[in-house]
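The chains referred to below are lettered A, B, ... by the order of the sequence lines, with proteins before strands, and numbering in each begins at 1.
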2 protein chains.
Amino acid sequence: MLTIGKLGAKAGVKVPTIRYYEQIGLLPEAERSAGNQRLYGSKALERLAFIRHARDLGFTLEAIRDLLSLSDNPDQSCAAADAIAKAQLLEVENRLARLTALKAELERMVVQCAGGRIADCRVIEVLGDHSLCATDHLHPETEETP
Amino acid sequence: MLTIGKLGAKAGVKVPTIRYYEQIGLLPEAERSAGNQRLYGSKALERLAFIRHARDLGFTLEAIRDLLSLSDNPDQSCAAADAIAKAQLLEVENRLARLTALKAELERMVVQCAGGRIADCRVIEVLGDHSLCATDHLHPETEETP
DNA sequence: CCTTGAAGCTATAGTTGCTAGAGACATTAG
DNA sequence: CTAATGTCTCTAGCAACTATAGCTTCAAGG
Ligand SMILES: [Zn+2]
Ligand SMILES: [Zn+2]
Ligand SMILES: [Zn+2]
Ligand SMILES: [Zn+2]
C-alpha cells in the first residue's frame, strides 16, 4: 500500500493533483489508514498512470473520464474509445496547423525588425496591423460551424 | 464615437471581453455618454485591434501589456519588444515540437487499433502504458530545470 | 519516551482569459 | 409611445490545476 506521496512519485503526478482527481470523481475514494491518510494499491497506480498518460497526450479530463469508464468494461466494442482518440487527433492537427501559421508569422516579424526605435519596430507595426501578415492565422473560436 | 458594440464589431472582439480588458487595465477607462455608456474613438479601436491581433498570435495578456506600454513611448529602443516576440516564437516552437510528437503518437494508436473489444483495443492499451509509445512526448512542466 | 521534521489532512482562494447570467437603465425603430 | 435592442454593474462559472493556512499523523533520532 502506497501513501499519496509515494503514489504521486511513482506516477509522476503531484499530490494535490491526485486529491483533485479524487474530488472530481476521476479516481475512486481512496482507502484510509487508521490515521485517516489515503492508501493506494496497484490498481490505483495503474489508473493514475493511465490518466497521466492521457493528459500528456492532450486528452481533456472529460475525455479521460469516458475512456476510463470504457476501459472498465472490457467486453464492449472499442469504437467509442477509438472515436475519442480520433477526435483528439483532429484537435491536435488543428492546433498544429494554427501554430505553424503563428510560427511563420512570428518569424517574419522577428526577422524583419532592424532593431532601432519602437517607432520603426516591425514587431510593433505588424501587431498593430494584421494586413501586414502573410497568413491568416485565425483564432480558432472565430471559425465555428454550428 | 463608437459604442462598445460597434467597437467590438469593428475589432472582432466581444463586448464583455472589452469590458474585461478595461477592468484589468489593458484598455484605459472609456469616456462615457450622458447615459453612462462607454464611448470610444479611433485610438481605442487601434489599441483594441493591437490587443486582438497579439492575442491571435498567442501572446499572453501580460506580454501584451508590456508591448502596449512599449509602443506608448516610440523613442525607446525596440529591444524589449523584440525580446518578447522572440520569447513567444520560442514558446510556439516548443509547443509545435510537442504537438508534433503527440500527433505521431495519436496516429500510431488510432492506426494500430483493429477495432474489436475494449480488451484488445490498442488505444486503451497504449494509454495505459507509455512504454508502448515511440516518442517521449513529455509534458512541459515535467522538465523544469530549477 | 520524547521531540522534531516531513508528510498528510481539510478547506478556501488564486491562476488565465474569458463567458454567462441576473436585473436595471438607455437608446432607437416603427 | 412602446417594444426591442443595447448597455450597465455585479456575480459566478469554465479547465485543470496550484498555493496557502492551520491542523494532525507518522517516522526517525537522541
Ligand atoms: Zn523591433
Ligand atoms: Zn496577423
Ligand atoms: Zn480500439
Ligand atoms: Zn506515451
Side-chain donor-acceptor pairs under 3.5 Å in residues 119-129 of chain A, sequence neighbours left out?
from     : atom 1 : to       : atom 2 : distance (Å)
A/Arg122 : NE     : A/Gln112 : OE1    : 2.4
A/Arg122 : NH2    : A/Gln112 : OE1    : 3.1
A/Asp129 : OD1    : A/Ser131 : N      : 3.0
A/Asp129 : OD1    : A/Ser131 : OG     : 2.7
A/Asp129 : OD2    : A/Ser131 : OG     : 3.2

Only pairs under 3.5 Å count here: list side-chain donor-acceptor contacts from residues 29-37 of chain A, not counting sequence neighbours, and write none if there are none.
from    : atom 1 : to      : atom 2 : distance (Å)
A/Arg32 : NH1    : A/Asn36 : O      : 2.9
A/Arg32 : NH1    : A/Asn36 : OD1    : 3.3
A/Ser33 : OG     : A/Gly35 : N      : 3.2
A/Ser33 : OG     : A/Gln37 : N      : 3.1

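For the contact set between residues 87-97 of chain B and DNA chain C, defined by any heavy atom under 4.0 Å, there are no members.
Distance CG (B/Leu7) to P (D/dT7): 10 Å, rounded to an integer number of Å. Atom CZ in A/Arg52 sits about 9 Å away from atom P in D/dC17, given to the nearest Å. Summarising the geometry, the separation between CG on B/Leu39 and P on C/dA26 is reported as 14 Å, rounded to the nearest angstrom. Between the P atom of C/dG8 and the CD atom of A/Glu22 lies a distance of 14 Å, rounded to the nearest Å. We find that CD1 of B/Ile51 is positioned 16 Å from P of C/dT16, with the value rounded to whole Å.
Sorted by first then second residue, the salt bridge (Lys or Arg N to Asp or Glu O under 4.0 Å) pairs that include residues 66-86 of chain A, not counting sequence neighbours, are A/Arg47-A/Asp72, A/Asp75-B/Arg117.
With sequence neighbours excluded, the residues that form a side-chain hydrogen bond (donor to acceptor under 3.5 Å, both in side chains) with A/Arg65 are A/Glu62. Residues passing the side-chain hydrogen bond (donor to acceptor under 3.5 Å, both in side chains) test with B/Glu46: none are found, sequence neighbours excluded. Residues passing the salt bridge (Lys or Arg N to Asp or Glu O under 4.0 Å) test with A/Glu93, sequence neighbours excluded: none. In this structure, the side-chain hydrogen bond (donor to acceptor under 3.5 Å, both in side chains) partners of A/Thr135, at least two apart in sequence or on a different chain, are A/Glu105.
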Can you give me the N/O atom pairs linking the protein to nucleotides 10-16 of chain D at distances under 3.5 Å, or say none if there are none?
from   : atom 1 : to      : atom 2 : distance (Å)
D/dA16 : OP2    : A/Leu61 : N      : 3.3

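Contact between the side-chain N/O atoms of A/Arg38 and the OP1/OP2 oxygens of C/dC9 is found at a separation under 4.0 Å. The side chain of A/Thr3 places an N or O atom within less than 4.0 Å of a non-bridging phosphate oxygen (OP1 or OP2) of C/dG8.
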| Reading nucleotides 19-27 of chain D from the 5' end, what letters show protein touch, with B for base, S for backbone sugar-phosphate only, - for no heavy atom under 4.0 Å? | ------SS-
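Note on ring orientation: taking the six-membered ring where Trp is involved, the planes of A/His130 and A/His137 are perpendicular (angle over 60°, cut-offs 30° and 60°).
Apart from A/Val110 itself, the hydrophobic cluster it occupies contains nothing, where clustering links Ile, Leu, Val, Met, Phe, Trp and Tyr at side-chain heavy-atom distances under 4.5 Å. Connectivity analysis of hydrophobic side chains (ILVMFWY, heavy atoms under 4.5 Å, direct or indirect) links A/Val111 to nothing; its cluster partners are none.
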